Q: 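Below is a structure I'd like to ask you about.
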Amino acid sequence: QVQLAESGGGLVQAGGSLRLSCAASGRTFSNYAMGWFRQAPGKEREFVAGISLSGLTTWYVDSVKGRFTISRDNAKNTVYLQMNSLKPEDTAFYYCAARATYSGSRSSTDYPYWGQGTQVTVSS
């Protein structure tokens, strides 16, 4: 089992940037594909970005393409989400998730391991 802990959220003005981190512990991090999801009040949890266990393959929801970048450092057991050109509609609670396969998934139900989340608020 892997434990996940997000950090890096906060309040930022529209157009600004934040970098989220997700530190993993408990199992070999490089055995897990990782994903970032977000959930805004009153909305369902939404896939944001995913990365394969090698880091060679990434994928994004269309609304963040060109603005967000997912990456991982297997030596540090950490996955990152660099968020640029933030918009008020990016405001949500952001979660990282892990699954023990090569490639990730856009479906939250495919990820058995989740962090507690971190709040991102973008003011207009």
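No hydrogens, no waters, no symmetry mates; every other heavy atom, side chains included, goes into these values. No experiment lies behind these values; they were computed from the predicted model shown.
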Q: For Ser52, does its backbone N or O pair with a side-chain atom of Arg72 as donor and acceptor, under 3.5 Å?
A: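 Side chain of Arg72 to backbone of Ser52: a pair is present.
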Q: Locate the shortest heavy-atom distance separating Ser71 from Val79; write the atom from each residue and the value.
A: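 Minimum heavy-atom separation between Ser71 and Val79: O-CG2, 3.1 Å.
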Q: From Gln119 CD over to Leu11 CG, what is the distance, rounded to the nearest 0.5 angstrom?
A: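 So the CD of Gln119 and the CG of Leu11 are separated by 9.5 Å.
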Q: Checking side-chain contact (heavy atoms from CB on, under 4.5 Å) between Met83 and each of Val12, Leu18, Val122, Thr69, which is the one that passes?
A: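 Among Val12, Leu18, Val122, Thr69, the one that satisfies the side-chain contact (heavy atoms from CB on, under 4.5 Å) with Met83 is Leu18.
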Q: Please name the pair of heavy atoms, one in Ala24 and one in Leu4, separated by the smallest distance, quoted to 0.1 Å.
A: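 So the two residues come closest at CB-CD2, 3.7 Å.
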Q: Atom CG in Leu53, atom OG1 in Thr101: separation rounded to 0.5 Å?
A: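 Going from CG on Leu53 over to OG1 on Thr101, the span is 7.0 Å.
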Q: What's the shortest heavy-atom distance between Val2 and Ala98, and which atoms?
A: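 Closest approach of Val2 to Ala98, heavy atoms only: CG1-CB, 4.0 Å.
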Q: Between OH of Tyr94 and CD of Glu46, what distance do you get to the nearest 0.5 Å?
A: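 So the gap between those two atoms works out to 8.0 Å.
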Q: On a heavy-atom basis, which atom in Asn84 and which in Ser17 lie closest, and how many Å separate them?
A: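 In this case the closest contact between Asn84 and Ser17 is OD1-OG, 2.9 Å.
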Q: First locate atom CG of Leu81, then atom CE of Met34, and finally report the distance between them rounded to the nearest 0.5 Å.
A: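 Those atoms lie 11.5 Å apart.
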Q: Quick check: is Tyr80 connected to Phe29 through a chain of hydrophobic side chains (ILVMFWY, heavy atoms under 4.5 Å apart)?
A: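 In one cluster with Phe29: Tyr80, no.
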Q: Run the side-chain contact (heavy atoms from CB on, under 4.5 Å) check on Ser63 and Lys87 step by step: do they pass?
A: CA-CA 10 Å; Ser63 61; Lys87 304 175 181 180; over 6 Å; no
Q: Could you grab the distance from atom CG of Asn77 to atom SG of Cys22, nearest 0.5 Å is fine?
A: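 SG of Cys22 is found 10.5 Å from CG of Asn77.
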Q: Apply the test side-chain hydrogen bond (donor to acceptor under 3.5 Å, both in side chains) to residues Ser105 and Ser107: give CA-CA distance (whole Å), side-chain angles for both, the deciding distance (0.1 Å), then the verdict.
A: CA-CA 5 Å; Ser105 167; Ser107 173; 4.8 Å; no
Q: Applying ring-ring contact (aromatic ring centres under 6.0 Å, His included), name anything that partners Phe68, two or more places apart in sequence or on another chain.
A: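 Checked Phe68 against ring-ring contact (aromatic ring centres under 6.0 Å, His included); zero matches.
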Q: Return each pair, listed once, that meets salt bridge (Lys or Arg N to Asp or Glu O under 4.0 Å) where at least one residue sits in residues 88-105; pairs must be two or more places apart or across chains.
A: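 For residues 88-105, and leaving out neighbouring residues, the salt bridge (Lys or Arg N to Asp or Glu O under 4.0 Å) pairs sorted by first residue read Arg38-Asp90, Arg67-Asp90.
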Q: What heavy-atom pair brings Asp110 and Pro112 nearest, and what distance separates the two atoms?
A: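 Smallest heavy-atom distance, with atoms named: O-CD, 3.5 Å.
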Q: Might you point out which heavy atoms bring Ser21 and Thr78 nearest each other, and give the distance in Å?
A: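 Smallest interatomic distance, heavy atoms only, reads CB-CG2, 4.2 Å.
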Q: Using the rule side-chain contact (heavy atoms from CB on, under 4.5 Å), only one of Phe93, Trp114, Trp36 pairs with Glu6; which is it?
A: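 With Glu6 as partner, side-chain contact (heavy atoms from CB on, under 4.5 Å) holds for just one option, Trp36.
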Q: Supply the atom-to-atom distance Cys96 SG to Ile51 CD1, rounded to the nearest 0.5 angstrom.
A: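 Output value for this atom pair is 12.5 Å.
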Q: Have a look at Phe47 and tell me which of Tyr60, Phe37, Tyr111 forms a ring pair (Phe, Tyr, Trp, His ring centres under 6.0 Å) with it.
A: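 Looking at Tyr60, Phe37, Tyr111, the match for Phe47 under the ring pair (Phe, Tyr, Trp, His ring centres under 6.0 Å) is Phe37.
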